[in-house]
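Just below is one structure, and these are the notes that go with it.
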There are 4 protein chains.
Amino acid sequence: MRKPVFVMLTLVSISAFAQPEMPKMVPEMTEIWDPEVTVVTPGESPMDAPSDAIVLIGEGKELGYEWTNASGEKPGWDFENGVATVKRGAGIIQTKRQFKDFQLHVEWRTPAEVVGESQGRGNSGVFLQGIYEVQVLDNYNNRTYRNGQAGSIYKQHAPLVNACKAPGVWQTYDIIYTAPRFNNDGTYFTPPRVTVIHNGVLVQNNMVVRGPTEYIGIPEYSVKPHGDGPIILQDHGNPVSFRNIWIREL
Amino acid sequence: MRKPVFVMLTLVSISAFAQPEMPKMVPEMTEIWDPEVTVVTPGESPMDAPSDAIVLIGEGKELGYEWTNASGEKPGWDFENGVATVKRGAGIIQTKRQFKDFQLHVEWRTPAEVVGESQGRGNSGVFLQGIYEVQVLDNYNNRTYRNGQAGSIYKQHAPLVNACKAPGVWQTYDIIYTAPRFNNDGTYFTPPRVTVIHNGVLVQNNMVVRGPTEYIGIPEYSVKPHGDGPIILQDHGNPVSFRNIWIREL
Amino acid sequence: MRKPVFVMLTLVSISAFAQPEMPKMVPEMTEIWDPEVTVVTPGESPMDAPSDAIVLIGEGKELGYEWTNASGEKPGWDFENGVATVKRGAGIIQTKRQFKDFQLHVEWRTPAEVVGESQGRGNSGVFLQGIYEVQVLDNYNNRTYRNGQAGSIYKQHAPLVNACKAPGVWQTYDIIYTAPRFNNDGTYFTPPRVTVIHNGVLVQNNMVVRGPTEYIGIPEYSVKPHGDGPIILQDHGNPVSFRNIWIREL
Amino acid sequence: MRKPVFVMLTLVSISAFAQPEMPKMVPEMTEIWDPEVTVVTPGESPMDAPSDAIVLIGEGKELGYEWTNASGEKPGWDFENGVATVKRGAGIIQTKRQFKDFQLHVEWRTPAEVVGESQGRGNSGVFLQGIYEVQVLDNYNNRTYRNGQAGSIYKQHAPLVNACKAPGVWQTYDIIYTAPRFNNDGTYFTPPRVTVIHNGVLVQNNMVVRGPTEYIGIPEYSVKPHGDGPIILQDHGNPVSFRNIWIREL
């Protein structure tokens, strides 16, 4: 008769191998109350600075309050009604403050009058920690190398899509930046990471930055340890404008 | 005489240890042109659907066009002028389409008339792939457990800050979701990752999701392999409203 | 005649869209000579300490030279011919030195005479930075919970396979440990990561450690920032032996 | 009288903000028993093949059983007593089997008689999935470019240290390889990752492979989607020998 044998084997099997029943948890075991999450008052629209942001370029704030030129002096760019515009030959402008990880909102506009082509049209850039460039360019009906167009991590990562607006129209970048951490030997322990949303469209999704965004050469070869750094806006000779720039340290 | 000795040592040193001079690269060596980046026309504001988005809830589109209830039938929620509102007892609504990696824009509003407290006030949720919940809750002057408040990955990650607007005011979520990939044994090869921007404020920064967002128990213990999944909006008994929901597959 | 038209279109297409030919690189452009890689003399077998290792337990080195008990005093374990054995009641032993990232070689042996079952048989543990336990257990024909057996990150990750040798036989762990880095709020910026090779068989593959390896509760809930930490060997009441332990700081 | 007021405020504060006491968990809530972990019998030493390994080169197994040359024909290398030696001009040998993620043990020996220098001395290589090379080279007192020496991911990552043994002495590589996963557009969703232990010394720690290990050019530029691939051993013209090669699929 097989049945009893089967039953006995089953019993043995249960005692030797089966998982003991796990005691039931209750909902409160996974509810954490402290510390209370800090309240931040958001702007009226998602483009407006929230209460914990530092406004870098905005109405009613002199450009020289937060920015200098490359020599640490008053920036030579045009500035009117909260709009800063590249002045050819005045060079870059950089924030006096230094940042590590951050969320950054930038609004930019290339000239309504189209001049030049490829990299020569509406070219500027936003340098994160002063080293890693998110390209600003007029790529509305303007072909250039894919890893150098608007929304690219310059010469490293092309944007996922080309979400450019027309020349003369204000555009937005929402950037989430995670600074690199370094090994003792000067290499990255964790590389920089960048998310970019261009005019509401995701163009960089937590991308690994390979190294400084060099015009010539291989990014990995110029990695050097660094601490916090400024935001730098580039003077590439084209009168690109910027407004409503705010940053939140993370 | 020391100079000749010095010269000889230098020569030895060069031949044995020095790096040969690297030939110089030229800029064009790091310029990639093909394939051309796809053009997407952004919305007028970053909150408006870009040209490649699927509008899930919007004006002029019947709710039943993209959504069903849990039984695959016409959703029972109220819907007027592009605004869908939870109808208590009608249950969840879910998209007919299934998604993998995506960018998702959601606008939501908790009732202007405040009723209840903690988890009982303006409670709903956005389930990514039908499994992973980004909590919707009225946390404007309403304390609850930190890992269960608005902007949390429910019971896993509290939001970085509390960026809630007042009851009755429209709020936005911009969500970037990377679906998990699985090992052959059913564990995550890479876990889900979620970025959430709440009213323009970063509240989840590419956070690792530990597993399904369970009300009771440990997320890791309920991981199971899955393919693409729908967006689900929760009926938690409170008349929370939704509008202007669009998604872009990545 | 279509052919000329075709040719003309092709020319247009080339000038408007085609990738300019990239200049050719030469091999030397990707050859980096400096700094010279540091020479380390490996052991005769891969189990033997290389020249840059610190020998923590070995022949001809008193146990008290590198280790103390929990009170910072001379360890009470038995020690003979380079073999240290848990002495019930003497408590844990810990290194005087503190470590961050490291490669660790451990040899261990459970008692030849089998006593007890499940967690009661040949139980000890190797605590990385004093906090994260790689379980030591006699799991040769001894079933226990999978996330608590030999080679597990205790109560977090079961080993990929059970590579145990018989009781009384020496076994090896080769462990690669990457310490966590912390955010300012005390959470992990990067969690600890552990690779374990057990008797030559990979059992943990760069696994993410969720938090301290607690006997009771959820690891994530007990994460606290910490600096370098010691190696700790556990006294779980069973006379488990250890020999040939060496470590290389990374 | 302020004191009573203070007391009352404290009470209010407690009821409004304090974390409710979390119910206590019990140990069994984090003990998972099923499924049972698969048993693998390890080799006698960590260098010996465990029971679930495929022996690719070993005693008593003809070389042509697991390997072919580049044309899919019988490999032309010398093979005697389980030792395969590069035969100049016979070209590479590759496994008939294709692999994804794996643990690989390789023993290799450069010629006892030293001939040539830099890349010309004892040069061969182990190609993972046929694409990604871990360099084999006699770097015992032989300087070459750091990212091309023994234990390097060729032209991408120098080894952490130089752990070479002398010419004519058998050396070991223990390699843990995680294959890339791909996005729909042909880029890496997750890049390949490689850990290499050379003669018991960690030389690559879960390093990200940037792309195919090219002799000329930038690895990222030659990334193409691929499935499983063979192990390939290189013929670089030097009579390098191999023995005791085994692999475990992960």
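We name chains A, B, ... by the order of the sequence lines, and we start the count at 1 in each one.
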(message) Please determine whether side chain to side chain contact (heavy atoms under 4.5 Å, CB included) holds for the pair B/Tyr221 and A/Met22, giving the CA-CA distance in whole Å, both sets of side-chain angles, and the decisive distance to 0.1 Å.
(response) CA-CA 12 Å; B/Tyr221 295 4; A/Met22 282 170 106; 3.7 Å; yes

(request) Assess whether side chain to side chain contact (heavy atoms under 4.5 Å, CB included) is satisfied between B/Arg193 and B/Met207, documenting all intermediate values. (result) CA-CA 5 Å; B/Arg193 287 187 165 267; B/Met207 286 303 282; over 6 Å; no

(message) Evaluate B/Val209 against B/Gln156 for side chain to side chain contact (heavy atoms under 4.5 Å, CB included), listing each step before the verdict.
(response) CA-CA 7 Å; B/Val209 182; B/Gln156 294 187 32; 3.6 Å; yes

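When heavy atoms are compared at a cutoff of 4.5 Å, A/Thr172 approaches chain B solely by way of its side chain, counted from C-beta outward. Neither the backbone nor the side chain of B/Asp101 comes within contact range of chain A, judged by heavy atoms closer than 4.5 Å. With a 4.5 Å cut-off on non-hydrogen atoms, A/Gln149 touches chain B through its side chain but not through its backbone. Heavy-atom distances place no part of A/Asp174 under 4.5 Å from chain B, backbone and side chain included. For chain B, the nearby part of A/Ile176 is the side chain; its heavy atoms alone come within less than 4.5 Å. Within the 4.5 angstrom heavy-atom criterion, no atom of B/Ser51 approaches chain A. Looking at A/Ser152, there are no atoms closer than 4.5 Å to chain B (heavy atoms on both sides), in backbone or side chain. At a 4.5 Å heavy-atom cutoff, the contact between A/Asn206 and chain B is made by side-chain atoms alone. At a 4.5 Å heavy-atom cutoff, the contact between A/Ala163 and chain B is made by backbone and side-chain atoms alike. Proximity to chain A involves both the backbone and the side chain of B/Pro35, based on heavy atoms less than 4.5 angstrom apart.
The main-chain N or O of A/Ala179 is found under 3.5 Å from a side-chain atom of A/Arg181 such that the two form a donor-acceptor pair. The main-chain N or O of B/Val40 is never found under 3.5 Å from a side-chain atom of A/Asn162 such that the two would form a donor-acceptor pair.
Here the two rings, on A/Tyr132 and A/Phe127, have centers that are 6.0 Å apart or farther. Ring pair A/Phe182/A/Phe189: centre-to-centre distance not below 6.0 Å.
The most heavy-atom pairs under 4.5 Å with chain A, out of B/Ile216, B/Asp48, B/Ile218, B/Leu160, come from B/Ile216. When B/Val39, B/Asn199, B/Leu202 are compared by the number of non-hydrogen pairs under 4.5 Å with chain A, B/Leu202 comes out ahead. Ranked by heavy-atom pairs under 4.5 Å with chain B, the list A/Val169, A/Asp52, A/Thr38, A/Asn147 is led by A/Asn147. Annotation: maximal heavy-atom pairing with chain A below 4.5 Å, among B/Asn205, B/Val26, B/Thr144, B/Thr178, occurs at B/Thr144. Here A/Gln103 is the residue among A/Gln103, A/Met47, A/His198, A/Glu214 with the most heavy-atom pairs under 4.5 Å with chain B. Comparing A/Lys165, A/Met29, A/His105 by heavy-atom pairs within less than 4.5 Å of chain B, the highest count is held by A/Lys165.
Seen from the ring of A/Trp170, A/Arg243 counts as a face-on cation partner, given the 6.0 Å and 45° thresholds. In this structure, B/Lys100 forms no cation-pi arrangement with B/Tyr177, as its terminal cationic atom is not both closer than 6.0 Å to the ring centre and no more than 45° off the ring axis.
Counting only heavy atoms from C-beta outward, the side chains of A/Trp108 and A/Thr110 approach each other to under 4.5 Å.
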